[in-house]
Structure formats: C-alpha cells, structure tokens
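Presented below is the structure to which this report refers.
If you're wondering where the values come from, they're calculated on a predicted model, not measured in any experiment. Numbers here are sequence positions counted from 1.
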Amino acid sequence: MRLVQFVRRGASGGVRVGVEQGAGGLGVVDLKAFDPSMPSTMRELLQLGDEGLDCARRALASGQCVVERSDLQLLSPVLAPEKVVCVGMNYRDHCLEQNAPIPKEPIIFSKFPSALTGPYDDIVLPAESQEVDWEVELAFVIGRGGKHIKEEDALAHVAGFTVANDVSARDWQMRRNGKQWLLGKTFDSFCPLGPALVTRDAVGDPHSLAVRCLVNGDTVQSSNTDQMIFQTEALVAWVSKFVTLTPGDVFLTGTPPGVGVFRKPPVFLKKGDVVECHIDQLGSIINKVV
C-alpha cells in the first residue's frame, strides 16, 4: 500500500490519512471517511498496529470514499514524529567522493521534527546561510516501537519507506557551531518527505533501488541503495540500543555522491531552483527553492 497524509483544498476537516489508488496517478481513499473510528494522522494509525493497516487494506479494496487528486494537497507522510534520526556517511560511493574512510559504526545525528515539510512544498533559503545543498535519501518509518531490537527482528518494526531530501546548510554543518551538524541540518523546511509511505510488503528489496536527484532537470546524484554501508535492519538495531523507538519515528539513511559541496567548484541552491528527489518504487518529491 501507499499511505499518505493530506488535506482537502478549500475545505475544513483537517489532516486525513489516505490510501493511494495506484502509484500516485489516481485518487486517494479517505480512511476516516471509510471508517470513522480510524484516526486522522499517520502516527496514530501506526500506533494501532495491524488493526490500522488492515482497515487501510479494506478501504483500498472497497474503492469507496475516493478523493480526487485535484481536490487534495499532500502533506509529509508523517507529521510531528517523536524523532527524526539521520545517518551520515552511509554510502560507499559518497565516502569515496570525499576521500573519507568507510565508517565502522553508524554515524547518527538528527533533525528537529519542525524541519519536515511536504513532498511538493517549498524549500526556504534561510538568511543565515549561503551554502544550502541537496541530499536525496531513502527514508523509513517505524511502525512498531521497541528497545534493544535484534537485527534479525528489525524489519518487523518498519512500517514502510519513503523519499527524503536531507537539505543541508554546509557553512553551519562544516564550519559553524563547533562543526556539530544539527543546526546546519534543521532549518525549517529542510526535510521534504514523501510522496507516500510505501508499506514494507510493497517494496521488493529496499536495498536495491535506484536513487536520483535532479536540480532544474539536470541529474546531480545517481546511485543505488545497494551502496548503503549500514542497511535498514542494522540501523534499527543500532539506534534502539540508545533510545526507545516509537511508531512514526523517521529515519533518513544517508546520501550518495553528487552533493553540491564536493563539486569543483562547489554549487549551492539558489532562489528559483527546483529539486527533484526520486527513488524507484517509491516515487518523487519535487520542491522549489524560495
């Protein structure tokens, strides 16, 4: 299934969870309209576990309560997660790009949840940075919480996968704030996410997906998730050693080569640019820079 969060254009009713008919080209089944007992947000739906996903399957099969694409605005698949966990230096080809050693342990940092924005929302250039960069990333969302999760059990805790852009202010990441990464990664609008949460059973092999980023139609990143050093299961097991994972937690799993900061000369985003991040089987997010 392809689960989304949306609001109806020009109508009241707030956030709704929906199930896409097809891969983004048809309508969206409004889950709460199908079953009023269902929650209105993805995080609450995931907290229901199998009950919520079973209802979503029934709603999709019914073909009822369909909202046309033109009548809705897609939001980030998850709003206000407890955690946004990010992984640095997690693609072999990205390490080679900067002549850096392959990490022996996952490099973990975070974004604040307030950085999340929708799949087609604008990326806002902050006045505080002159070096804003792109990073296409495979993201996954926790469906079942836990602590000290074993690697062999980890995928059972993953609800599904989606596309992220780990927008990064390189001046703040690499030179300011004691070279800690947080501030450079967490300006408002610095985590476009979507377009849908594709459930685990609908993705063949998440570690064999083509990954691309285009800026103004030109390909700047092109790789495959088979380049990931630490895959989904390892990341869930590693992070859950330190913190309890909860439904709705978002993981960004690292970026391949081709980012702007390592180009010669470096290239950074400017007002009017359009960034498209695409991952096979998951779809594309397209964001204008303003």
> In this structure, are over 12 heavy atoms from other groups packed under 6.0 Å from Tyr120 atom OH?
Replying inline: yes

> Hey, does the side chain of Asn165 reach the backbone of Cys191 with a donor-acceptor pair shorter than 3.5 angstrom?
Replying inline: no

> Is Glu44 salt-bridged to Lys32, going by a charged N under 4.0 Å from an acidic O?
Replying inline: no

> Under 3.5 Å, side chain of Asn177 to main-chain N/O of Trp172, donor-acceptor pair present?
Replying inline: no

> Between the side chains of Lys111 and Thr186, is a donor N or O closer than 3.5 angstrom to an acceptor N or O?
Replying inline: no

> Between Trp134 and Glu276, is there a donor-acceptor pair closer than 3.5 Å when you use the side chain of the first and the backbone of the second?
Replying inline: no

> Can you list the residues that meet the side-chain contact (heavy atoms from CB on, under 4.5 Å) rule with Arg43, with sequence neighbours excluded?
Replying inline: Thr41, Gln47, Glu82

> Can any side-chain N or O of Arg200 pair as donor or acceptor with the backbone N or O of Gly160 at less than 3.5 Å?
Replying inline: no

> How far does CZ of Phe251 sit from CG of Asp249, to the nearest 0.5 angstrom?
Replying inline: 6.5 Å

>> Between Asp171 and Ser129, is there a side-chain donor-acceptor contact under 3.5 Å, judged purely by atom types and distance?
In response: yes

>> Under 4.0 Å between a side-chain nitrogen and a carboxylate oxygen: does that hold for Glu68 and Arg9?
In response: no

>> Under a 3.5 Å distance rule, please check whether Ser76 uses its side chain to pair with a backbone N or O of Leu116 as donor and acceptor.
In response: no

> According to a 4.5 Å side-chain heavy-atom criterion applied to Ile, Leu, Val, Met, Phe, Trp and Tyr, with indirect links allowed, do Leu209 and Leu252 form part of one hydrophobic cluster?
Replying inline: no

>> How about NZ on Lys147, more than 12 heavy atoms from neighbouring residues, nucleotides or ligands closer than 6.0 Å, or not?
In response: yes

> Counting distance only, does the side-chain N/O of Glu97 pair as donor-acceptor with the main-chain N or O of Gly258 below 3.5 Å?
Replying inline: yes

>> Surrounding CG of Asp205 (heavy atoms of other residues, nucleotides or ligands, distance under 6.0 Å), is the total greater than 12?
In response: yes

>> My understanding is that only residues two or more places apart in sequence, or in another chain, count here; which of them pass ring-ring contact (aromatic ring centres under 6.0 Å, His included) with Phe109?
In response: Trp181

> Does atom CG of Asp201 have more than 12 heavy-atom neighbours, drawn from other residues, nucleotides or ligands, at distances under 6.0 Å?
Replying inline: yes

> Stepwise, does the salt bridge (charged side-chain N to carboxylate O under 4.0 Å, His left out) test hold for Glu131 with Arg175?
Replying inline: CA-CA 11 Å; Glu131 298 181 0; Arg175 297 191 301 279; 3.0 Å; yes

